[in-house]
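In the text below, chain A, chain B and the rest are named by the order of the sequence lines, each starting its count at 1. Heavy atoms only: backbone and side chains are in, while hydrogens, waters and symmetry mates are out.
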Amino acid sequence: MYGDLGNKLVQQAKRTQNLAHLPPYQTELVRAVTREVRDLDKDVNALLEPFQGSFHPTDDQAVACTLLVNHLSMRRNKRCLLAYHHTRTDRLEELVWKGYDVVDLAGQQGRDGSANTSGPSNTVNSDRSMSNLSPQEEDYVRQYSDLLAAYKGQWTDIDLTGSLEPPRDLFIDVRVLKDAGEIQTEYGQFYVRQGDVERLIAQGYLQKLS
Amino acid sequence: MSYYDIDAILTDAEKVPCKFELDIPELGYLDNNPSQPLKSGTTIGLPLWLAELLALANRAPSSADEDAKSFVSLNMPASLSSEVMSALKADPRAVPLRDQSHNFYGLGTRMLDLFEEKEMCAILRRTFVTRAADIALHAGKAGATDDMGVGAGEEFLRGLEEWERKLFKKSHDGAKGTKEWMEGVKKH
């Protein structure tokens, strides 16, 4: 029945809400639902064609009811599609606020999905087809990041996305996990001020030693 | 209720029995029979998003036509039948609401918007209050032993519908949070 596919999509969104990571984008399902809307629209036009623009619902109740069912099915599908994407973009915005790198993130999630087949190799990182995001979503994240950066740029002395937990020590020891090029902080390279390297820890370049 | 609310959308997919009031040639597929016209008097379970507006549309006489009634007449779904209501009246805790509907209260609220059922409204309210107390109890216990309350209340917890599950989770997180905070206070 019409609307069943849309329902599947919303069940995916429900699942997404309870998952820690973002599951792969349902390209096929989204395409099928939009196709259904197009078919419904075609049906509506075919139904209305013999009336030549002079259709009166009260004269032909059966056709009026069919049109209403078609219209409601399209509206339902629209809501399902929007809600599915809204759930995902909500999650993406959350990730951007947390300071994840989108390219990095896409690679990371691809690795999560194929944990059994490939080891922690860096080749997966560059493989764009492993991404759980649709191309539009990647674009969205990129633009949203730019927006957030521009917003944050207004305040130079406060980090809006910084940790809300007060640090126990001003300085911490760190271990380098990934090569991030040469980074000099005001105080040194391994014993550093926490505030200076928070971002690098969040991005996974450094590990905090307790 | 937001337009994007996933639970509201899923509640909208719950099926309600509808009796069609007129013959419609094109809608046979709703009754799994696309080649045949849909006969007047046929009862089919339709999702709320379709059923509600089919029942409401045309009800206001848009013309002077005396035929101004709705396309379908709605009935109460089985999950809100009088049997379920009497079971809830007897003991709200003994009924696994999840088996009736995953969005039991959501469905109930939507149906009560359409039907004037004072008694059902009272029963549902009492059911929620009684069960909520039990949910809070189980959630608190789960926080203390850290095994999510597996054991005595397992049967009851399996029967929770979506809203109750959320309540359980909130209650559980709350109890856990309080416990952690209390321990932190003691340390300093």
Please report the interatomic distance CD(B/Glu26) to CG(A/Asp43), rounded to the nearest 0.5 Å.
8.0 Å
First locate atom NE2 of A/His71, then atom CG of B/Leu53, and finally report the distance between them rounded to the nearest 0.5 Å.
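Separation between the atoms: 8.5 Å.
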Quick one: closest heavy-atom pair of B/Phe71 and A/Leu68, and the distance?
CE1-CD2, 3.8 Å
Do you know which two heavy atoms are closest between A/Cys80 and B/Ile9, and how far apart they sit?
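That closest heavy-atom pairing would be SG-CG2, 4.2 Å.
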Using side chain to side chain contact (heavy atoms under 4.5 Å, CB included), reason through B/Ile24 and A/Gln61 one step at a time and then give a plain yes or no.
CA-CA 8 Å; B/Ile24 302 169; A/Gln61 301 240 341; over 6 Å; no
Go through the atoms of A/Asp4 and report whether side chain, backbone, both or neither lie under 4.5 Å from a heavy atom of chain B.
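For A/Asp4, neither part sits under 4.5 Å from chain B.
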For atom [atom1] of [X], is the number of surrounding heavy atoms from other residues, nucleotides or ligands below 6.0 Å larger than 12?
X: A/Lys152; atom1: NZ; value: yes
X: B/Glu119; atom1: CD; value: no
X: B/Trp181; atom1: CH2; value: no
X: A/Arg75; atom1: CZ; value: no

Counting heavy-atom pairs under 4.5 Å with chain B, the top scorer among A/Cys65, A/Ala83, A/Ala13 is A/Cys65
Examine whether an atom of [X] lies under 4.5 Å from a heavy atom of chain A, and if so say whether it belongs to the side chain, the backbone or both; otherwise answer neither.
X: B/Pro37; result: neither
X: B/Glu21; result: neither
X: B/Leu38; result: neither

Pair A/Arg76-B/Leu50, side chain to side chain contact (heavy atoms under 4.5 Å, CB included): steps then yes or no
CA-CA 9 Å; A/Arg76 168 74 179 178; B/Leu50 190 56; over 6 Å; no
Determine whether [X] and [Y] make a side-chain contact, defined as any pair of heavy atoms from C-beta on separated by less than 4.5 Å.
X: A/Asn18; Y: B/Lys169; value: no
X: B/Tyr29; Y: A/Val69; value: yes
X: B/Asp7; Y: A/Lys14; value: yes

Walk me through it: do B/Asp12 and A/Arg79 pass the test side chain to side chain contact (heavy atoms under 4.5 Å, CB included)?
CA-CA 11 Å; B/Asp12 244 6; A/Arg79 190 178 180 196; 3.2 Å; yes
Give the C-alpha distance, both sets of side-chain angles, the deciding distance and a yes or no for side chain to side chain contact (heavy atoms under 4.5 Å, CB included) between B/Tyr4 and A/Thr87.
CA-CA 8 Å; B/Tyr4 298 108; A/Thr87 308; over 6 Å; no
Checking side-chain contact (heavy atoms from CB on, under 4.5 Å) against B/Ile6, which of A/Arg15, A/Gln17, A/His86 comes through?
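With B/Ile6 as partner, A/Arg15, A/Gln17, A/His86 yield a single side-chain contact (heavy atoms from CB on, under 4.5 Å), made by A/Gln17.
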